[in-house]
Amino acid sequence: MATYGFSVLLITVSLVVVTTYATRPTLDADETIDFGYVGDKGPDKWGSLDPKFKLCSDGKAQSPIDISRSKATHLEDSKGLAREYRSAKATFVNNGFSMAVHFEENAGTMIVDNKNYTLSQMHWHTPSEHKIDGQLFDAELQLVHLADDGNITITAVLYQIGGRDSFLSRIQNKFGFLSKENHTDGGILDANQLRISSRNYFRYNGSFTTPPCTENVIWFVFGKLKTMSKEQIEAIKAPLEPAFKNNSRPVQPDNGREVCLHDDPKPEATKTIVN
């Protein structure tokens, strides 16, 4: 979700982009619901736009959140997350509210609590949705993984402006096509290039970050920052209408939820975010 959250998984390529808000199919094929990031369709109004979006205002385990390292439960973990990505056919999609890549075949899996989750899609938010110790970052990449039973895990990578991101450099030319089309063939994409060191990450239970704000989503937010250039951030935002160039939901109350910090005990692997 816008994302996004997982809602982008429900979007078809026939999506229409509107200048003030995004229109997306709901679970009912003949019905459309709109939401946005400003004004009377902004995040503080999502819960009132449709009964299906009730959790956006009433949910008690919503995402994103402001992660406090000092309050997190610290767990030494030298194994990191178990992920095995591979090359797969991909489609680049302009959802109206985010730039996304949908994998059309198996792009690999992540194992969480002895369950396999298949990498389904990824999308970007600018600026970041999650904060760490109150710090907002320049961008956030969210990778959505789906289990056979419908459960969802999302991994989040935080970016600050700096050197160019090598993976994004390989694909950002595709965004230019999405200024005129709502989808374009991405060819074969090597998802393994998305891997980032996972020996330092936060885990908590949350929700999609776009309507319908469904809860019981397992989130993993990596502690290691990556960089992308200002030009690359502009490339991500360029195809979007002005009202969606800043497409981040504000942080939500944690309501006492536990956040676990999984940390490699080796000193060289624990360098994460600098205050």
Side-chain angles (χ1 to χ4, degrees), residues 1-6 9 55 59-85 108-123 125 128-137 139-159 191 194-210 213-226 248-266 269-273 275:
M1 115 236 125
T3 143
Y4 129 78
F6 172 63
L9 291 176
L55 279 174
K60 302 301 181 184
Q62 290 290 292
S63 296
I65 62 172
D66 184 355
I67 296 171
S68 169
R69 282 176 292 176
S70 63
K71 295 180 181 179
T73 301
H74 186 233
L75 303 173
E76 287 193 355
D77 184 358
S78 61
K79 295 181 180 180
L81 290 174
R83 293 164 296 157
E84 189 68 37
Y85 296 153
T109 58
M110 180 170 72
I111 301 175
V112 179
D113 300 333
N114 297 315
K115 182 186 294 186
N116 286 343
Y117 291 79
T118 300
L119 177 61
S120 177
Q121 59 103 324
M122 60 183 180
H123 56 273
H125 293 273
S128 70
E129 296 201 301
H130 287 89
K131 294 181 178 180
I132 296 184
D133 291 334
Q135 183 177 356
L136 189 69
F137 302 94
E140 181 172 331
L141 172 63
Q142 296 176 358
L143 292 87
V144 183
H145 303 74
L146 178 64
D148 289 341
D149 61 5
N151 288 339
I152 302 292
T153 66
I154 305 174
T155 57
V157 183
L158 303 173
Y159 291 81
L194 290 163
R195 292 192 60 172
I196 181 176
S197 173
S198 63
R199 296 188 183 279
N200 185 283
Y201 62 89
F202 301 92
R203 172 177 174 165
Y204 77 99
N205 290 329
S207 73
F208 303 161
T209 64
T210 55
C213 304
T214 305
E215 296 184 341
N216 296 318
V217 173
I218 304 174
W219 277 90
F220 299 91
V221 181
F222 292 123
K224 181 178 180 179
L225 284 178
K226 295 195 70 176
S248 298
R249 186 188 192 189
V251 294
Q252 304 297 301
D254 62 34
N255 293 320
R257 279 175 283 171
E258 182 180 37
V259 177
C260 292
L261 169 58
H262 295 255
D263 194 8
D264 190 330
K266 297 177 183 178
T270 58
K271 296 179 180 178
T272 54
I273 298 168
N275 288 326

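Because only heavy atoms are used, hydrogens play no part in the values below, and waters and symmetry mates are left out as well, while side chains stay in. Since we're looking at a predicted model, the values are computed, not measured.
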How long is the span from the [atom1] atom in [X] to the [atom2] atom in [Y], to the nearest 0.5 Å?
X      : Y      : atom1 : atom2 : answer
Glu129 : Leu158 : CD    : CG    : 10.5 Å
His125 : Thr210 : NE2   : OG1   : 7.0 Å
Glu84  : Met110 : CD    : CE    : 13.0 Å
Gln142 : Thr155 : CD    : OG1   : 9.0 Å
Leu143 : Thr153 : CG    : OG1   : 9.5 Å

Review point. Taking the six-membered ring for Trp, are Tyr204 and His130 ring centroids under 6.0 Å apart?
Key: yes
Check [X] against [Y] and note the closest heavy-atom contact, atom names and distance.
X      : Y      : answer
Gln62  : Phe208 : OE1-O, 4.5 Å
Ile65  : Val259 : CD1-CG2, 3.9 Å
Ser248 : Ser128 : OG-O, 3.5 Å
Arg249 : Pro64  : O-CG, 3.4 Å

Check your understanding: Got a salt bridge between Asp149 and Lys115, using NZ or NE/NH1/NH2 to carboxylate O under 4.0 Å?
Key -> yes
Practice item. Examine distances only and state if a side-chain atom of Asn205 and a backbone atom of Arg257 form a donor-acceptor pair shorter than 3.5 Å. Key: no
Review point. Can any side-chain N or O of Ser207 pair as donor or acceptor with the backbone N or O of Glu215 at less than 3.5 Å?
Key: no
Point to revise | Flag side-chain contact, heavy atom, 4.5 Å: Leu119 against Thr109 | key: no
